[in-house]
2 protein chains.
Amino acid sequence: MESERKKLIGGVFDNLRRVIQVVHGYSNRAQRVGGLTGPQLWAIRVLSESAPVRVSDLARQMYLHPSTVVGILDRLEAKGLVVRIRSKRDHRVVEVSLTGKGKTVAARSPAVAQGLLLKGLEKLPGNDLRVVSGGLEALVGILGARTMPPRLLFSREVNLPGGGVPVGRDRKH
Amino acid sequence: MESERKKLIGGVFDNLRRVIQVVHGYSNRAQRVGGLTGPQLWAIRVLSESAPVRVSDLARQMYLHPSTVVGILDRLEAKGLVVRIRSKRDHRVVEVSLTGKGKTVAARSPAVAQGLLLKGLEKLPGNDLRVVSGGLEALVGILGARTMPPRLLFSREVNLPGGGVPVGRDRKH
DNA sequence: TGCAAATAATTGGCACAGCAAGTATAACCG
DNA sequence: CGGTTATACTTGCTGTGCCAATTATTTGCA
């Protein structure tokens with residue numbers, strides 16, 4: 001039974017690697033689906049949810065430095081997937097949106113991994129789903145990451161760390 | 001009960017993000033523990049297990065292109081953590097090993113995330129461990145990643161993909 | 001009002017990761 | 001021998017990611 005534990009633990013590691021490789025590392029670094037890299041796809045996905053968003057907010061949601069996001073946006077803009085529009089009321093801010101092409105990519109892209117996962121989870125028997133949920137819960141607990149912000153993905157709200165409260169801007173069109 | 005499923009699924013996503021963020025993104029890109037980047041730490045860890053290893057084998061174990069590994073080794077060598085020794089018998093191969101300093105780093109570093117996980121899993125009650133294992137197993141199944149090579153981490157053997165059967169090399173000192 | 005401070009996005013510089021193609025050397029095999 | 005294969009390395013390129021300025025704009029305060 002000692003060896004059974006060992007085997008289980010080893011399997012957990014292997015599977016965790018696999019999951020990570022698929023979900024996050026689906027585009028390890030180089031170009032991937034549709035010629036988009038991981039971060040680019042990620043930005044597209046965030047944009048597809050957060051409507052027109054300011055560069056700094058996008059950076060916050062992606063947990064990246066603003067200057068990094070600028071670079072990513074440059075490349076996405078060059079591909080014609082996003083547009084930058086200077087805000088009328090505050091001429092400092094830039095609102096980033098998806099173009100039609102960008103929306104198409106966004107609509108097709110989540111199927112890559114997250115969509116796969118979502119579909120799979122949805123058709124999972126209730127008991128198995130509970131097992132998956134419980135298992136991950138335990139993992140997160142072990143890693144002491146329960147207090148960590150989920151980093152947004154399909155959820156709407158963002159807990160920005162450290163930063164002040166986001167001004168309640170009714171930027172809704 | 002529909003909403004319970006939804007909540008469970010949402011939680012799975014959030015927790016998955018958390019786990020990924022911790023395990024993989026522990027060293028997002030920039031320098032981290034002891035001034036080492038993620039891939040550098042990873043290489044060190046592989047080296048700490050696989051004794052003297054050839055560059056090509058290291059690349060295979062890290063699932064990286066050999067030229068990428070060369071760069072990583074250059075930086076590790078510059079820091080005095082690894083040494084490259086040309087094999088006497090086959091003058092093409094280079095055996096990479098850890099220096100004393102490198103071993104120290106290796107011994108201290110796995111505590112970063114994987115070690116945390118390992119320790120946590122080890123003290124987990126048998127039942128919970130089975131839940132974690134089963135949950136991940138299901139996830140991997142959903143993602144169709146069961147056939148994917150585990151990418152090695154703590155396990156010894158490597159299933160090199162695509163490549164032919166590894167010649168039964170008795171390079172055991 | 002008018003000037004200082006804060007804010008937003010960007011730029012430039014740097015290091016690293018990752019790959020592909022090409023090079024040099026060395027081993028193997030007919 | 002001579003050609004093929006294997007091994008490591010080099011070079012060139014793209015892309016991330018950060019920090020430290022810079023610029024433009026807005027806000028705040030005296």
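In what follows, chains are A, B, ... by sequence order, proteins preceding strands, each numbered from 1.
Scanning all heavy atoms of the two residues, the minimum distance from A/Ser50 to A/Gln61 falls at OG-OE1, 3.2 Å. Scanning both residues, B/Gly102 and B/Ile44, for their nearest heavy atoms gives O-CG2, 4.2 Å. Between B/Ala59 and B/His65, the shortest heavy-atom contact is CB-C, 4.4 Å.
The side-chain heavy atoms of B/Lys79 and B/Leu36, taken from C-beta on, include a pair separated by under 4.5 Å. At a threshold of 4.5 Å between non-hydrogen side-chain atoms, the residues B/Arg84 and B/Leu73 count as touching. The side-chain heavy atoms of A/Leu47 and A/Ser97, taken from C-beta on, include no pair separated by under 4.5 Å. Considering only heavy atoms from C-beta on, B/Lys103 stays 4.5 Å or farther from B/Thr99 through its side chain.
Taking atom CE of residue A/Met62 and atom P of nucleotide D/dC18, one finds them 10 Å apart after rounding to whole Å. In this structure, the CZ atom of A/Arg60 is 13 Å from the C1' atom of C/dA9, given to the nearest Å. Regarding B/Leu73, its CG atom lies at a distance of 13 Å from the P atom of C/dG18, rounded to whole Å. Atom CD1 of B/Ile72 is separated from atom C1' of C/dC16 by 9 Å (rounded to the nearest Å). The CG atom of A/Asp74 sits 11 Å away from the P atom of D/dG15 (whole-angstrom rounding). In this structure, B/Leu36 places its CG atom 11 Å from P of C/dC16, rounding to the nearest Å. Counting to the nearest Å, the P atom of D/dA8 and the CZ atom of B/Arg86 are 8 Å from each other.
A distance-only check finds a donor-acceptor pair linking the side chain of A/Arg86 to the backbone of A/His91 [under 3.5 Å].
Nearest nucleotide to the side chain of B/Pro39, out of D/dG17, C/dA17, C/dA9: C/dA17. Counting only heavy atoms from C-beta on, A/Val55 has its side chain closest to C/dA9 among C/dA9, C/dG18, C/dC16.
Of the residues in residues 76-85 of chain A, not one places a heavy atom less than 4.0 Å from an atom of DNA chain D.
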With B for base contact, S for sugar-phosphate-only contact and - for none (protein heavy atoms under 4.0 Å), nucleotides 19-27 of chain D reads B-----BS-

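Legend: residues meeting salt bridge (charged side-chain N to carboxylate O under 4.0 Å, His left out) with B/Arg92, ordered by chain and number and at least two apart, are B/Asp90.
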